[in-house]
Amino acid sequence: MAQPLFRAPAGTRDILPPASARRRGLVRVFADLADRSGFSLLESPIFEELGVFQRLGANNDVVTKELFEFFDKGDPPRHLALRPELTAGVCRAFAEHRPTPPWKIWYSGPQFRYERPQAGRYRQFEQVGVETLGTDDPHADVEVVGLGVRFYEALGMRQVRLLINSLGDSESRPAYNAALAAYLQDRRGELSEQSLVTLERNPLRVLDSKREQDQPVIAEAPVMADFLSGASAEHFAAVRAGLDSLDAVYEVSPRLVRGLDYYTRTTFEFVADALDTAQNAVGGGGRYDGLVEELGGPPTPGIGFALGVDRILLACDAEDAFSGTAPPVEVFVVDVADGRSAVVLCDRLRQAGLGVDRAFDGRSMKAQMKRADRSGATVAVIVGPDEQAAGTATVRDMRPGGGQRQVAADDLVAAVTELLTGGVQ
RNA sequence: GUGGCCGUAGCUCAGUCGGUUAGAGCGCCGGGUUGUGGUCCCGGAGGUCGGGGGUUCGACUCCCCUCGGUCACCCCA
């Protein structure tokens with residue numbers, strides 16, 4: 001074979017079967033959980049006006065360096081961008097439609113960041129998430145964080161750690177920022193070159209450095225907890241108490257900071273210990289009490305999280321969880337007469353609600369039976385010249401030791417159903 | 001964006017010091033069983049060795065560039 005003419009662009013990939021089915025299954029688990037918790041699906045555009053994302057923070061790589069931006073054919077052209085995350089779009093939608101709070105929504109879908117690809121880091125990646133807008137009740141925080149905890153549990157993951165912290169409110173945040181910046185300036189001689197650059201732009205982010213050199217400085221840095229206002233401290237305490245009452249295991253991580261600038265008060269992260277790479281954060285979120293207002297809406301508190309589907313699946317592989325779903329094909333129709341029976345029988349069985357597949361190209365019985373086996377079907381329906389002449393079909397139990405018998409075409413659905421529900425014949 | 005490593009059939013990999021027609025397992029197709037899968041046996045298709053350039057009598061092998069992947073930083077899910 002020659003070289004393929006095209007391949008998927010860097011950082012993107014085709015999700016082929018059976019991985020695609022497993023992925024869809026994961027999203028379904030999340031959707032069920034969110035639906036049952038009173039969250040409703042929001043489908044927002046995959047691209048937005050650039051300004052929507054610029055509100056995420058001017059000194060943030062996601063917005064400044066990693067955006068896929070483009071102009072449309074309007075006159076004048078609109079400056080648009082593929083969404084690098086989903087919270088901004090949700091807040092834009094809230095500001096635009098003014099739904100009655102609290103507005104609880106969930107979502108799933110692709111997002112785009114122009115980064116150097118790596119395992120668990122793609123230019124097109126998928127997240128599932130929830131947002132609760134219009135309340136700052138700490139119990140809303142508990143509900144959101146708890147939903148995340150239960151989701152990982154539902155997947156059968158055991159090696160996910162929950163880290164939480166409070167970043168304070170508009171009152172306490174500036175004081176902490178100033179203290180942290182002063183401290184870091186004081187010890188700038190010990191910081192790595194890159195951290196010095198980060199220090200100028202966003203002192204908080206220095207705490208996220210992974211370089212060995214920075215660790216001693218980070219370890220002794222002032223912590224937000226000491227700067228929380230009374231209200232913020234109380235809020236944080238209520239969140240922790242709520243998580244305790246759910247028996248949700250968490251670690252207070254006083255130096256946990258989040259990538260996006262809009263976070264206030266409650267912040268949290270889910271870390272997969274089964275992943276021994278740098279990309280081991282499988283989910284994260286927090287409160288963003290100012291974002292809706294930033295986007296021109298009324299002052300509206302909000303909290304939510306986003307969980308990375310790609311990384312979760314990687315982590316599931318690593319700890320052998322959520323292996324996937326059963327094959328949907330229950331019946332395989334084999335036609336070694338002229339093939340016309342298979343057309344009709346497949347339709348009839350499918351209309352009866354069964355999962356049915358078949359072979360094409362008039363292949364040999366052996367070949368078709370092999371296909372039937374590979375399909376995972378429990379039952380094979382066989383039509384040859386004999387059956388066709390007699391108006392019957394042979395129903396074969398494909399399980400080890402299973403037998404077969406001929407039934408009238410009209411009794412086929414009943415016979416197949418009986419086999420599928422009745423166990424080995 | 002910076003640096004390291006990797007790139008051989010659809011997949012996972014072997015390929016000696018640069019030396020003739022590049023191999024295996026799995027998968028796929030066909031046959032053994034002219035109506036029966038999962039086991040077994042036989043056979044077959046499938047690769048210009050990621051792409052381009054260079055060194056050399058000769059390159060899968062060495063060098064450069066490039067594309068892709070991967071690891072660390074960065075960023076973050």
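Labels below follow one simple rule: chain letters A, B, ... track the order of the sequence lines, proteins then strands, and each chain is numbered from 1. Keep in mind it's a predicted model, so treat the numbers as computed, not measured.
A/Phe227 meets the ring pair (Phe, Tyr, Trp, His ring centres under 6.0 Å) test with A/Tyr176; sequence neighbours excluded. The side-chain contact (heavy atoms from CB on, under 4.5 Å) test applied to A/Thr277 returns A/Leu275, A/Gln279, not counting sequence neighbours. Listed by chain and number, the residues in a salt bridge (charged side-chain N to carboxylate O under 4.0 Å, His left out) with A/Arg340 are A/Asp338 (sequence neighbours excluded).
The A/Ile382 side chain lies nearest to B/rU36 when the options are B/rG68, B/rU36, B/rC28.
Aromatic pair A/Phe47/A/Phe112: centroids not less than 6.0 angstrom apart.
Applying the 4.0 Å criterion to OP1 and OP2 of B/rU70, one finds that A/Arg13 has every side-chain N and O outside that range.
Here the separation of B/rA9 from B/rC13, taken at their P atoms, is 12 Å to the nearest Å.
Across all strands, A/Gly376 comes closer than 4.0 Å to no nucleic acid atom at all (heavy-atom distances). Within the nucleic acid shown, A/Lys370 comes within 4.0 Å of sugar-phosphate atoms alone, with no base atom in reach, counting heavy atoms only. Within the 4.0 angstrom heavy-atom criterion, no nucleotide atom of any strand lies near A/Glu193. Using a 4.0 Å heavy-atom distance criterion, A/Arg374 is classed as a sugar-phosphate-only contact.
Looking at residues 330-349 of chain A, you'll see that no heavy atom sits under 4.0 Å from any atom of RNA chain B.
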Legend entry - Secondary-structure notation, RNA chain B, from Watson-Crick and G-U pairs under 3.5 angstrom (| other strand): (((((((..((((.....[...)))).(((((.......))))).....(((((..]....))))))))))))....
Legend entry - B/S/- contact track for nucleotides 71-77 of chain B, protein heavy atom under 4.0 Å: BBBBBBB
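Between the CD atom of A/Gln368 and the P atom of B/rG31 there is a distance of 12 Å, rounded to whole Å.
Using cut-offs of 30° and 60° on the angle between ring planes, the pair A/Trp103 and A/Phe94 is tilted.
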